[in-house]
Amino acid sequence: MVMASGLDTGTYFVIVSNYGGDTGPYEIMANVTVPAVDEYENDNSMEDSSSISTDGTLQTRNFSPPGDVDWAVFDITVPGIYEIRTRGEIDTYMELYDGDGGLLDEGDDGEDQNSLIEKRLPAGKYTLRVEPRGEASPDDLYELSVVRFR
């Protein structure tokens, strides 16, 4: 078996030869998998965080390639209690950072979501780090949202 990822568009050739002098019929197959596109990539570090609104708009995301983490940044202009959550096909874990990069809170399982943070936040800039719990396929989608609810 040969597996390759990140290949450019084009034509590829495979050379097949016998092993140890054995001969006979064989089969060759090729499978191509195109992962779901995460429009918020490249958001793999705090410095490269993608923006998310605080009006509850859902962002559909995934973790690709394996080992990927997602970062999102948002600004609070109206202080209050904010709900930050993920929902979807993959279990997630979140960390919330202040504008200086200090860890404020973390969230894992919630009742109707994969991870949840409810926190009173003053005006300022905040960053989220989201990672999968366990293995995640690029086809495992999740939704991220931030909303002020009090």
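What you see is a predicted model, and the numbers here were worked out from it, not measured in a lab.
- Heavy atoms only, all atoms of each residue included: Glu143 and Leu58 are closest at OE1-CD1, 3.5 Å.
- For Thr57, the side chain to side chain contact (heavy atoms under 4.5 Å, CB included) partners two or more places apart in sequence, or in a different chain, are Ser53, Asp55.
- The distance from atom CG of Asp105 to atom CG of Leu116, rounded to the nearest 0.5 Å, is 9.5 Å.
- Closest non-hydrogen pair, Gly56 versus Ser145, comes out as O-CB, 3.8 Å.
- Residue Arg61 forms a side-chain contact (heavy atoms from CB on, under 4.5 Å) with just one option from Asp68, Val130, Asp43, and that option is Asp43.
- Here the side chains of Tyr126 and Leu128 are not in contact, with every heavy-atom distance at 4.5 Å or above.
- To the nearest 0.5 Å, the span separating CD on Glu135 from CG on Asp91 amounts to 13.5 Å.
- Taking both residues in full, the closest heavy atoms of Glu89 and Asn114 are given as N-ND2, 4.4 Å, listed atom of the first, atom of the second, then distance.
- A donor-acceptor pair under 3.5 Å is absent between the side-chain atoms of Glu106 and the main chain of Glu95, judged by distance alone.
- You'll find the side chain of Asp70 stays beyond 4.5 Å of the side chain of Thr92, heavy atoms only.
- Among residues two or more places apart in sequence or in another chain, the salt bridge (Lys or Arg N to Asp or Glu O under 4.0 Å) test is passed with Arg133 by Asp108, Glu131.
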- [ ] Could you please spell out the steps behind the side chain to side chain contact (heavy atoms under 4.5 Å, CB included) verdict for Arg148 and Thr54?
- [x] CA-CA 7 Å; Arg148 180 177 172 267; Thr54 58; over 6 Å; no

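- Hydrophobic clustering (ILVMFWY, side-chain heavy atoms < 4.5 Å, transitive): Val78 and Ile117 are in one cluster.
- Counting all heavy atoms, side chain and backbone alike, Gln59 lies closest to Ser51 at NE2-O, 2.8 Å.
- Counting all heavy atoms, side chain and backbone alike, Pro79 lies closest to Ala123 at CG-N, 4.0 Å.
- Going from atom CZ of Arg85 over to atom CE of Met94 covers 10.0 Å, rounded to the nearest 0.5 Å.
- Taking hydrophobic clusters as Ile, Leu, Val, Met, Phe, Trp and Tyr residues chained together by side-chain heavy-atom distances below 4.5 Å, Tyr97 shares a cluster with Val69.
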Open item on the list: Leu96 vs Leu121, test: side chain to side chain contact (heavy atoms under 4.5 Å, CB included). Steps then yes/no.
Closed with: CA-CA 11 Å; Leu96 175 65; Leu121 298 173; 4.1 Å; yes

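- The number of heavy-atom neighbours closer than 6.0 Å to CZ of Phe149, taken from other residues, nucleotides and ligands shown, is above 12.
- Taking CZ of Phe63 as the start and CD of Glu41 as the end, the distance is 9.5 Å to the nearest 0.5 Å.
- Taking a 6.0 Å sphere around CD1 of Ile28, one finds it holds more than 12 heavy atoms contributed by other residues, nucleotides or ligands.
- Proximity of a side-chain donor or acceptor of Asp100 to a complementary backbone N or O of Gly102 within less than 3.5 Å is not detected.
- To the nearest 0.5 Å, the span separating CD1 on Ile84 from CG on Leu144 amounts to 8.5 Å.
- With hydrogens and angles disregarded, a donor-acceptor distance shorter than 3.5 Å links the side chain of Thr86 to the backbone of Ser115.
- In plain terms, the two heavy atoms of Tyr82 and Val146 that are nearest each other are CD2-CG1, 4.2 Å.
- Taking a 4.5 Å side-chain heavy-atom cut-off between Ile, Leu, Val, Met, Phe, Trp and Tyr, the cluster of Val147 contains only that residue.
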